[in-house]
Amino acid sequence: MRRLGEVPTARQSTADPDHRGFVLNTTTPILHVDMDAFYASVATRERPDLRDVPVIVGGAYRGVVLSANYLARQYGVRSAMTATRARRLCPHAVVIAPDYDTFGTVSTAVMETFRRVTPLVEALSLDEAFLDVRGSMRRLGSPLQIAEHLRATIHDEQGITCSVGVAASVSVAKLASKRAKPDGVVVVPPDEVTSFLHPLDVGELYGVGEKTQAMLHRLGLVRVGDVAHTPLRTLQRAVGDALGRQLHDLSWGTDRREIVARTATAFGLGGGDPDKSMGAQETFGRDTDDRAVILRELLRLTAKVTGRMRTAGVAGRTVAITVRFADFTTITRSRTLPEATDVTQEVYRAATALYDGLGLQRARIRLVGVRVEGLLPRARVHRQLVLGEREHGWAEADRAVDRATRRFGSAAVRPASLID
DNA sequence: TCTGGGGTCCTAGGACCC
DNA sequence: TCTGGGGTCCTAGGACCC
């Protein structure tokens, strides 16, 4: 039997049939399904030798923790923590490099499992999704029964566990799944929404990170209930119009956002809304002030981004670069071109101009990035046909590179300056 | 060996237009 | 004349999420 924790109120298990009446459940048709320690679970599912060992995924040189299993978490290891700190907290943890291909494969399979229940699946990332099961209940039973069915199926087919939050709205369902972790289900019926939400710390609300949490705490708004009973205008003066409105709605669990069927676009899964920007950035192994090294990195990143853009069939007008200095201060510079482009040389020319415009001399640089914004389907881009325009030559070169990359892999063709 | 990489959205100020 | 106001685009920075 799957373990169920000792969380009070709304937590339910299949052994607790009292809240499974039809009337109650039609009012809680939204499921938020979240894999438990997804990367770590996938990385260890065929490694019984690691079952009882703390495991960390990520944490390469200058890296952070992408995921940690629950044993590692007992030592205080958390996602996004620096690798250094994680190793200090848990020196005997096994560190595994991420394998995104496998994560993607498992994710696709899990999302397929969801779609066998309902077409209304909104993937938020590789490892979590909202499901609207309103139309599935006649066939599959109450939302709680559907949640347990999904958990059992994913466990049997993928060898990993997940947790499910069930509620009338997406925001409450998401908070409920967090409460359900690991390997559990929490149902929050409509008449228990405020008693569920109001004792939570404001930091639990979607959109409240470290900074906003600290600001709200300074104002004496510590619990969600405090936010709920603060006038909207006061809230908006503190955190801005949009976030103030959002927090006000979330604190009453009144968001009516509908689920839109879509797959995660991350990692090339495709589907859903088209991306609005595409970018790439990389932290150097060591900080550098060498212009040649930096420009070469900008070219490599540009080629990566424009290659992805051409694969996706999009072009963009705004080119932005990011520069992070040794002291971690980070600046961005952007420039909007007259015409949208997906041509490597055009984006690179803009990126180098932006970089040189900074007028840096000996600044130690930690990271550079390139991003193209304002993406449009290439079919909607009408280029000014200038007589004798050289860019056509570059576009031809890009297409040749793309063909070669498809046949021989990304190492086969690259700009001359990137060859060692 | 302090602090990744992929994104989205909001804010605010200035330019510019009507 | 002595000063409006709305809308859009562009840029830079910041917060947040996974």
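Sequence lines set the chain letters: A, B, ... in the order given, protein chains first and strands last, and positions in each chain run from 1.
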*Do A:T336 and A:T318 have a side chain donor and acceptor closer than 3.5 Å?*
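The criterion, which ignores hydrogens and geometry beyond distance, is satisfied for A:T318 and A:T336.
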*asked:* Distance check, P atoms only: B:dT3 and C:dC18, in whole angstrom units.
replied: 23 Å
*Span that lies between the P atom of B:dG14 and that of C:dG4, in whole angstrom*: 16 Å
Candidate nucleotides [options], ranked by approach to the side chain of [X] - the nearest:
{"X": "A:T84", "options": "B:dG4, B:dG5, B:dT1", "value": "B:dT1"}
{"X": "A:Y61", "options": "B:dG4, B:dG6, B:dT1", "value": "B:dT1"}
{"X": "A:K304", "options": "B:dG5, B:dG4, B:dG6", "value": "B:dG6"}

*Look at all strands and tell whether A:M81 reaches a base, only sugar-phosphate, or nothing, counting heavy atoms closer than 4.0 Å.*
nothing
*Under 4.0 angstrom, heavy atoms only, what part of the nucleic acid is A:G369 near: base, sugar-phosphate, or nothing?*
nothing
_Heavy-atom side-chain contact between A:R378 and A:R310 under 4.5 Å_ = yes
*Map A:V65 and A:S277 onto DNA chain B by nearest heavy atom, then report which one ends up closer to the 5' terminus.*
A:V65
*Mapping A:G63 and A:V239 to their closest nucleotides on DNA chain B, which lands nearer the 5' end?*
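With A:G63 and A:V239 compared, the 5'-side residue is A:G63.
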*asked:* With rounding to the nearest 0.5 angstrom, report the CZ to CZ distance, A:R364 to A:F284.
replied: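 If I round to the nearest 0.5 Å, the distance is 11.0 Å.
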*Less than 4.0 Å between a side-chain N and a carboxylate O, is that true for A:R349 and A:E346?*
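Looking at A:E346 and A:R349, the cut-off is not met.
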*Determine, for A:R151 against A:D183, whether the closest basic-nitrogen to carboxylate-oxygen distance falls under 4.0 angstrom.*
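The answer is yes: the pair qualifies as a salt bridge.
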*Which atom names give the shortest non-hydrogen contact between A:A129 and A:V121, and what distance separates them?*
CB-CG1, 4.1 Å
*asked:* Less than 4.0 angstrom between a side-chain N/O of A:R366 and OP1 or OP2 of B:dT3, yes or no?
replied: yes
_Contact pattern, 5' to 3', of nucleotides 8-18 of chain C - B, S or - by protein heavy atom under 4.0 Å_ = --SSSS-SSSS
*Give the rounded distance in Å between these two atoms: CZ of A:R371 and P of B:dG5.*
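It is 12 Å, rounded to the nearest whole Å.
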_Nucleotide-level pairing of DNA chain B, given in dot-bracket where Watson-Crick and G-U pairs need both distances under 3.5 Å and | marks other strands_ = ....||||||||||||||
